[in-house]
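Note that the numbering runs from 1 along the sequence shown for the chain. Hydrogens, waters and symmetry mates are skipped; everything else that's a heavy atom, side chains included, is used.
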Amino acid sequence: MSDQSFDVLVIGSGPAGYICAIRAAQLGMRTACVEKWKNADGKYVLGGTCLNVGCIPSKALLQSSEEYEHLVRHLDGHGIKVNGATVDVPKMIARKDAIVAKMTDGIAYLFRKNKVSWLKGHARLVGRGDQGWLVDVDGQTVTSKYVVVATGSKPRSLPGVEIDNERICDNVGALNFKEVPKRLGVIGAGVIGLELGSVWRRLGATVTVLEALPTFLAAADEAVSREAWKIFTQEQGLDIRLGVKLGEVKQDARGVTVHYELEGKAQKLECDKLIVAIGRVPNTDGLGAEAVGLKLDERGFIEVDDHCRTSLPNLFAIGDVVRGPMLAHKGEEEGVMVAELIAGQKAHVNLDTIPWVIYTTPEIAWVGRTEKQLKEEGIPYRMGQFPFSVNGRALCAGDARGFVKMLAHARTDEILGVHIINTHASELITEAVVAMEFRACAEDIARIVHAHPSLTEAMREAALAVDKRALNI
Ligand code: FAD
Ligand code: NAI
């Protein structure tokens, strides 16, 4: 470390931290980013959870497994016969690792390009001196006028269950299996459970998912959850058991046994591998929060206001370590906002228009409120829904499952929520996000020309359906 004094020091290089550091440097501030993550070879790497063991590797494996399933199950419908397709898991994992390496190296390149100093090691807040914050990085003291904490999150642990990432895995181990397990158990039917459960099911595993809640995908709109449940369980054969009460989890040379209770009856699940994905918790390990008096809430998140300001001067916190959805793009936006605020600009993040995507097949995506939330909040609304089963492009593609559902205010017609279940929902949702950011009405979408044939026509038809004038159904 040649220069120990900065305008902005960002702790953590996940999507929240690295984007914040780049934006701060773009705005002319002397910026450093501290990162402690080492890869399997013991080399320091940037990118945090998202790039190393989250968004990117999971999407790489979802794509590979999707290609396989398409080949063996769906091409026949197009009149294409394929015999003898096999899966080479180590090659699939190596492809995933190469993508991760390309992306993490990409951040190192962006840091060089923008003159962001990359400090390798663990950062700990020490206190404040004349020059600003004092931060210990592996025994060296660094000074910075502003500090932005972007230390992310870690898997929530299950009491009494030890993750060895061999037989009992969190997301790290589940992205690195050496072969397809015959019987895979998953605890938690949330986003990770469904995405990673799908990967290994498509490749041939029998997958059983144990979920504590009695409802499936409680955060999504009920119509979408119902449709997804039907597709995942009946069509794809995911065995999802809702309302379970977990008991002991044991492992021996033959595998893992999970004892649980369902409808008052004792049951057990025997599997070769078990993925535990029961949520994530904020990570402030070894940050020195207590020593400097940084306030955490009762769930361990760093307390911040709408502008990500903490309880202490010139100290901000962003990303998974603060309230709001634990999503990469939410953290990125907070990173940009904080860098711009530090530079004296006006900036904000609208948490009401953060899109959610679950990368199953079909994908599930939404933005804004669900119908249940509107009812609970007493907001009058109109609903329009349009199925892909009558969308020409979807039929040609061979996947016409799902629908677009739009919710608009009953009086003003402003769009309040859009919910999609479709193979390309992750791409389609952006139209809804743009519309909601501009506070568009359903009528606006209904009057915009959408290319034909395209999946986006379903968005327009759902908007028309809000006013009961869909044209193609
Ligand atoms: P992180 O990415 O967790 O990064 C925090 C960084 O801080 C880490 O690199 C850590 O080493 C470093 N750090 C922590 N403490 C210190 C310290 N004291 N000193 C130095 N460095 C420190 N989100 C999506 O939007 N889309 C997806 O498709 C998606 N898929 C996911 C799939 C999986 C399997 C998982 C686990 C998560 C997924 N997420 C996804 C969530 C996404 O990964 C997180 O929301 C995102 O990574 C949060 O970014 P962050 O910058 O806040 O924290
Ligand atoms: P999650 O919150 O999505 O799901 C966890 C599930 O586990 C919930 O349904 C919960 O009811 C259940 N659960 C909790 N305790 C349990 C218990 N004792 N027994 C059985 N079930 C139990 O959390 P997940 O899947 O771990 O993912 C963490 C976060 O990572 C997500 O909330 C999301 O923010 C992020 N993520 C985002 C992705 C995306 O954007 N596509 C993909 C993967 C993760």
Side-chain angles (χ1 to χ4, degrees), residues 217 219-228 324-325 327 329-330 333 347-358 362-397 399-473:
L217 278 183
D221 191 88
E222 270 174 33
V224 170
S225 315
R226 259 200 314 273
E227 183 76 1
L327 296 174
H329 42 284
K330 174 264 192 184
E333 284 316 297
H348 83 294
V349 172
N350 182 3
L351 289 181
D352 288 340
T353 52
I354 304 281
W356 271 90
V357 179
I358 306 176
E363 293 175 348
I364 293 167
W366 72 89
V367 56
R369 292 185 178 79
T370 61
E371 205 169 339
K372 187 162 168 253
Q373 283 167 335
L374 291 177
K375 280 187 185 139
E376 280 166 4
E377 291 170 35
I379 299 172
Y381 65 91
R382 293 193 300 171
M383 190 274 282
Q385 190 166 317
F386 190 82
F388 285 97
S389 57
V390 290
N391 172 277
R393 186 71 196 274
L395 286 166
C396 294
D399 191 346
R401 294 171 292 184
F403 53 81
V404 177
K405 171 172 173 176
M406 187 176 286
L407 300 162
H409 197 284
R411 283 191 298 275
T412 66
D413 197 36
E414 180 174 350
I415 300 171
L416 302 172
V418 174
H419 305 270
I420 308 175
I421 174 162
N422 173 267
T423 345
H424 296 286
S426 57
E427 306 293 340
L428 294 169
I429 196 66
T430 303
E431 179 179 5
V433 178
V434 173
M436 286 179 66
E437 266 297 320
F438 284 90
R439 302 197 62 176
C441 298
E443 182 72 15
D444 293 320
I445 299 291
R447 289 196 177 276
I448 288 171
V449 181
H450 289 67
H452 174 77
S454 73
L455 298 174
T456 66
E457 288 173 290
M459 183 74 80
R460 173 168 177 255
E461 290 280 359
L464 284 163
V466 167
D467 196 36
K468 299 201 176 359
R469 48 181 232 265
L471 295 164
N472 282 289
I473 195 160

Rounded to the nearest 0.5 Å, what's the gap from [atom1] on [X] to [atom2] on [Y]? Could you check?
X: Asn422; Y: Arg401; atom1: CG; atom2: CZ; result: 9.0 Å
X: Met436; Y: Arg369; atom1: CE; atom2: CZ; result: 7.5 Å
X: Ile420; Y: Ile429; atom1: CD1; atom2: CD1; result: 4.0 Å
X: Asp221; Y: Arg226; atom1: CG; atom2: CZ; result: 8.5 Å
X: Leu327; Y: Glu333; atom1: CG; atom2: CD; result: 12.0 Å

Original post:
Going by atom types alone, do Glu431 and His450 pair a side-chain donor with an acceptor below 3.5 Å?
Top reply: yes
**OP:** Verify the distance criterion only: is there a donor paired with an acceptor across the side chains of Glu363 and His424 at less than 3.5 Å?
**Re:**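 No - no donor-acceptor pair under 3.5 Å links their side chains.
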Original post:
Is there a side-chain contact between Trp356 and Ile364 (heavy atoms, below 4.5 Å)?
Top reply: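 Trp356 does not reach Ile364 side chain to side chain.
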Original post:
Counting heavy atoms not belonging to Glu414, are there more than 12 under 6.0 Å from its CD?
Top reply: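 Atom CD in Glu414 is crowded, with more than 12 foreign heavy atoms closer than 6.0 Å.
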Original post:
Considering residues, nucleotides and ligands other than Glu222, do more than 12 of their heavy atoms fall under 6.0 Å from its CD?
Top reply: no
**OP:** Specify the closest pair of heavy atoms between Ala446 and Arg469, including all atoms of both residues, with the distance to one decimal.
**Re:**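 Of all heavy-atom pairs spanning Ala446 and Arg469, the closest is CB-NH2, 4.4 Å.
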Subject >> For Leu471 against Glu461, the heavy-atom pair lying closest together >> reply: N-OE1, 2.8 Å
